[in-house]
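For reference, the structure discussed in these notes is given below.
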Amino acid sequence: MGLHIFTLEHDGQERRYALYVPAQAGEAPLPLVFSLHGGGVVLEDQLGTRYKSPFKLWMELADREGFYVVYPEGLPGAYGKPTWNDCRADCTVSSSADDVGFLLQILEEVAAEHPTDRRRVYASGMSNGGFMALRLAVEAPDTFAAVAAIGAAMPAVSGCGAPRRPLPVLFMNGTADRYMPYGGGTLSNPPKANHGTAMSTPDSVALWADLAGARAEAPVHYPDLDPDDGGTVTRRDHTAGGRVWVRLYTVGGGGHAAPSLRERYSALFERYFGHQNHDIEAVEEIWRFFRAAAPAQGPAGR
């Protein structure tokens with residue numbers, strides 16, 4: 001039980017990941033969630049051992065709901081810190097590793113030791129990790145039942161091709177994100193060509209919704225619990241056949257940060273990355289989407 005850090009060898013390189021085993025783990029197969037860090041974020045920071053991290057709350061949620069959490073670590077990119085090879089063909093600052101293969105190897109290693117419900121394997125990521133989660137949706141739709149991307153969108157120039165078939169996808173993006181523009185374009189702040197380009201959030205949503213034949217429902221406006229956080233949250237579902245295939249959280253005024261009620265970033269963080277919303281808990285919203293998406297919409301349900 002609890003949190004454990006492991007190493008494994010993939011493509012001749014030693015790589016790290018953390019696994020959280022919930023208190024209720026036993027002989028019954030449990031779902032598994034990958035939590036993918038953003039570019040430049042080391043494993044310990046994703047786990048929240050040194051700084052605030054909304055993603056540490058996956059572990060608390062796992063104890064309550066009963067699922068495993070895997071925190072993998074990417075390999076250094078051009079700036080010497082962990083990154084993911086996430087399908088942006090025009091990005092030259094990220095690692096060129098076989099990260100899809102690495103993540104699938106982790107899944108096999110974990111499943112060999114812990115009963116895992118293979119119909120309910122999910123991936124969620126922030127920024128570079130969000131792009132990586134979307135790559136998994138494109139290249140491994142038979143493995144993942146749903147994915148979620150925060151501060152990320154579909155690559156404007158993709159090295160992975162177009163999605164082959166629909167998969168439940170969640171986007172959670174800020175309209176004032178200077179690093180991953182809501183309207184698409186060149187990434188980073190200020191924009192840097194070597195960071196690649198992204199489609200707009202609306203176009204990314206439309207791509208997956210059209211693939212599923214899903215139509216937009218009326219928006220849901222969340223209560224403005226913190227009027228001082230500079231923004232509000234609106235959710236819009238895209239459904240077909242009574243199923244939610246695409247869920248979009250538009251964080252009005254939100255910067256390049258995962259919303260959180262409890263894990264609030266510092267003023268210094270917001271100075272560089274923009275406002276963090278405090279009206280919703282990102283991991284809670286994502287898990288609610290994952291839980292509803294499978295197994296009915298997961299690989300075993302099609």
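Just so it is clear, the model here is predicted, and its values are computed rather than measured.
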| Below 4.5 Å, heavy atoms only, C-beta onward: do Pro115 and Tyr68 meet side chain to side chain? | yes
| Which pair of heavy atoms, one from Ala123 and one from Ala133, lies closest together, and at what distance? | O-CB, 4.0 Å
| query | Hey, what's the ring geometry for Trp287 with Phe290, parallel, tilted or perpendicular (30° and 60° as the breaks)? | reply | perpendicular
| request: List the steps, then state whether side-chain hydrogen bond (donor to acceptor under 3.5 Å, both in side chains) holds for Asn128 with Thr83. | output: CA-CA 7 Å; Asn128 179 206; Thr83 57; 4.9 Å; no
| remark: Nearest heavy-atom approach of Ala216 to Arg236 is CB-NE, 3.7 Å
| task | Please report the shortest heavy-atom distance between Gly274 and Arg178, naming the atom on each side. | result | N-NH2, 3.9 Å
| task | Taking all non-hydrogen atoms of both residues into account, name the closest pair between Asp117 and Val121 and its distance. | result | O-CG2, 3.8 Å
| query | Going by side-chain heavy atoms closer than 4.5 Å, which hydrophobic residues are tied to Leu187, directly or by a chain of links? | reply | Phe131, Met180
| query | Is any NZ, NE, NH1 or NH2 atom of the basic residue among Arg264 and Asp226 found under 4.0 Å from an Asp or Glu carboxylate oxygen of the other? | reply | yes
| So do the side chains of Thr7 and Arg16 get within less than 4.5 Å of each other, counting heavy atoms only? | yes
| said: Could you measure the distance from the CG atom of Asn173 to the OG1 atom of Thr201? Nearest 0.5 Å is fine. | reply: 4.0 Å
| note | On a heavy-atom basis, the closest approach of Tyr249 and Glu285 is OH-OE1, 2.8 Å
| Chi angles and distances behind the side-chain hydrogen bond (donor to acceptor under 3.5 Å, both in side chains) call for Asp63, Tyr20 | CA-CA 9 Å; Asp63 275 334; Tyr20 186 78; 2.5 Å; yes
| Taking every non-hydrogen atom, the tightest pair across Ala137 and Val147 | CB-CG2, 3.8 Å
| query | To the nearest 0.5 Å, what is the distance between NE2 (His221) and OG1 (Thr250)? | reply | 10.0 Å
| Would you call Glu108-Arg118 a salt bridge at under 4.0 Å N-O? | yes
| Pair listing, side-chain hydrogen bond (donor to acceptor under 3.5 Å, both in side chains) test, anchored in residues 26-36, at least two apart | Ser35-Gln46
| Is there a side-chain contact between Val251 and Gln276 (heavy atoms, below 4.5 Å)? | no
| Presence of salt bridge, Arg50 and Glu44, under 4.0 angstrom | no
| Set of residues satisfying ring-ring contact (aromatic ring centres under 6.0 Å, His included) with respect to Tyr179, sequence neighbours excluded | His256, Phe273
| said: Using a strict threshold of under 4.0 Å (side-chain N to carboxylate O), is an ion pair present between Arg235 and Asp237? | reply: yes
